[in-house]
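Accompanying notes for the structure given below.
Side-chain atoms are counted along with the backbone in the values below, which use heavy atoms only and exclude waters and symmetry mates.
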Amino acid sequence: MRLLTHTVTPQEAGLPVRTLLRRQLRISGSFLAKLKWRPGAITLNGVPVIVSARTEAGDVLAADVSDLPGENPHIRPVAYPLDILWEDEDLLLLNKPAGIAIHPSALTEETVTVAGAVCHYLRTGSFHCVNRLDRGTTGVMAVAKTGYIHRLCMESLHTDSFLREYRGICLGAPQPSSGAIDLPISRDPGSLLRRTVDPMGLPARTLYETLLPGELSLLRLLPQTGRTHQLRLHLSAVGHPLAGDWLYGTEDPALIPRPALHSYRLRLLHPVTRRWLDVTAPLPEDMRRLLPPDCDPA
């Protein structure tokens, strides 16, 4: 159970429960419409109340924002080890390995997914991914433990309260060595998977910095938007696809069997505690092998 509480201040005395749930506990109108029909989900001083009830100073308002059982019946829990970088009662920050999809795919038969592993670990039927990573992408990703927390996280996605930093290894050295790639993206009409640069597409912006130039260059990548395949497509579009990118570059299993892309750092403002979290995941071995031994990926 995830129980949120708020003690009514003298300034808030007389306000209805509904107002405080929305204002102080940041419960959305749609979630509140469901919550008020759950027996005992909203209490005042431990006693179930209706949302129009008036409050007094010192009252303790509580709301159970847990997920209902079976909200994602299509997810099959699977025992698979998770590399947990940080955890509390609201969030899981994971170091995702390569080769595993986030969700089951309609195109392939998935035995192991991040969703299934998380559901097994949490012993729940719900899965709420905040920042999605491609099957081949490694590194830090955030998972909310409830739909309530997920909504709060999604409100901060692509803002200064949720900063994502990647490391990529591309073919050749971009010129200039740092800058911004502003190229709109849409679906490729000839493919179920590919995206394409399209003047009529959705805006997409990527900041990049070359940390180590060469035939294979190490880049720092900061996506300012969250389009599917954005980093891969943007680098390919400027003539420097990621090493191993079979979709937007050249497949080369002998070099690396996946796109050389890693979610290196995640810095976010916790949606409940309002404290900053700053977590990094070390560069995986298959990308390290492409760099000089003394190279510092940071």
Side-chain angles (χ1 to χ4, degrees), residues 1-75 77 82 84-94 114-131 141-157 159 161-162 266-279:
M1 174 186 291
R2 181 61 173 109
L3 198 67
L4 300 175
T5 62
H6 172 71
T7 301
V8 180
T9 67
Q11 294 77 18
E12 295 167 338
L15 291 176
V17 165
R18 178 190 297 105
T19 299
L20 294 179
L21 289 173
R22 296 293 305 276
R23 182 182 300 173
Q24 297 298 336
L25 299 186
R26 301 166 68 197
I27 292 176
S28 68
S30 58
F31 186 40
L32 182 57
K34 299 175 182 178
L35 199 64
K36 66 183 183 181
W37 296 109
R38 291 193 204 175
I42 302 171
T43 63
L44 200 60
N45 301 318
V47 179
V49 293
I50 58 177
V51 295
S52 60
R54 297 284 171 172
T55 59
E56 297 180 3
D59 284 347
V60 178
L61 175 63
D64 179 2
V65 297
S66 307
D67 287 347
L68 289 175
E71 290 194 357
N72 298 116
H74 64 287
I75 296 177
L82 294 172
I84 299 174
L85 302 172
W86 190 89
E87 180 181 11
D88 72 355
E89 57 188 332
D90 294 311
L91 291 170
L92 269 176
L93 301 185
L94 305 175
V114 175
V118 168
C119 285
H120 180 271
Y121 174 75
L122 296 178
R123 302 190 182 279
T124 178
S126 300
F127 175 72
H128 306 283
C129 177
V130 180
N131 63 311
M141 60 173 289
V143 176
K145 291 188 176 181
T146 64
Y148 164 80
I149 295 297
H150 182 258
R151 181 186 64 80
L152 296 182
C153 287
M154 295 306 289
E155 288 178 356
S156 67
L157 200 63
T159 73
S161 296
F162 196 102
L266 188 59
R267 184 173 185 266
L268 70 150
L269 188 64
H270 193 291
V272 176
T273 67
R274 311 306 290 169
R275 294 179 179 176
W276 283 100
L277 304 177
D278 198 335
V279 175

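At a threshold of 4.5 Å between non-hydrogen side-chain atoms, the residues Leu15 and Arg23 count as touching. Between Ile84 and Leu94 the shortest side-chain heavy-atom distance falls below 4.5 Å. Taking the side chain as every heavy atom from C-beta outward, Leu91 and Pro271 approach each other to under 4.5 Å. Between Leu92 and Lys145, the closest side-chain pair of non-hydrogen atoms falls below 4.5 Å. Using a 4.5 Å cut-off on side-chain heavy atoms (C-beta onward), Met141 and Val114 make contact.
Around the CZ atom of Arg275, the shell of radius 6.0 Å holds no more than 12 heavy atoms that belong to other residues, nucleotides or ligands. Counting heavy atoms of neighbouring residues, nucleotides and ligands inside a 6.0 Å radius, atom CD of Glu56 does not exceed 12 of them.
Using modelled atom types, one side-chain atom of Ser66 and one backbone atom of Arg2 make a donor-acceptor pair closer than 3.5 Å. Checking side-chain atoms of Asp67 against main-chain N and O of Gly147 turns up a donor-acceptor pair under 3.5 Å. When atom types are taken as modelled, the side chain of Asp64 and the backbone of Leu3 share no donor-acceptor pair closer than 3.5 angstrom. Between the side chain of Lys36 and the backbone N or O of Ile42, no donor-acceptor pair lies under 3.5 Å. The backbone N or O of Phe31 sits nowhere less than 3.5 Å from a side-chain atom of Arg151 that would complete a donor-acceptor pair. Of the possible polar contacts, one joining the Arg54 side chain to the Gly14 backbone as a donor-acceptor pair under 3.5 Å is found.
Here the CD1 atom belonging to Ile149 is positioned 8.5 Å from the CD atom belonging to Glu89, to the nearest 0.5 angstrom. Between His6 atom NE2 and Leu25 atom CG the span is 7.0 Å, to the nearest 0.5 Å. From Leu268, atom CG reaches atom CH2 of Trp86 across 8.0 Å, with rounding to the nearest 0.5 Å. A distance of 12.0 Å separates CG in Leu269 from CG in Asp278, rounded to the nearest 0.5 Å. Separation of atoms CG (Asp88) and CG (Leu93) is listed at 8.5 Å; rounding is to 0.5 Å. Between the CD1 atom of Ile50 and the CG atom of Leu44 there is a distance of 11.5 Å, given to the nearest 0.5 Å.
A pairwise comparison of heavy atoms in Ala13 and Ala57 identifies CB-N, 3.7 Å as the closest pair. Between Arg267 and Trp276, the shortest heavy-atom contact is NH1-CZ3, 3.6 Å. Nearest heavy atoms, Ala144 versus Val130: N-CG2, 4.0 Å. The minimum heavy-atom distance linking Cys129 with Asn131 is given by the pair SG-O, 3.6 Å. A pairwise comparison of heavy atoms in Phe127 and Cys119 identifies CB-SG, 4.0 Å as the closest pair. Residues Pro77 and Ile75 approach most closely at CD-O, 3.4 Å, considering heavy atoms.
Below 30°, between 30° and 60°, or above 60°: for His128 and His150 the angle between ring planes is between 30° and 60°, a tilted geometry.
Considering Leu20, Leu152, Val65 as possible partners of Ile27, the one that fulfils the side chain to side chain contact (heavy atoms under 4.5 Å, CB included) test is Val65.
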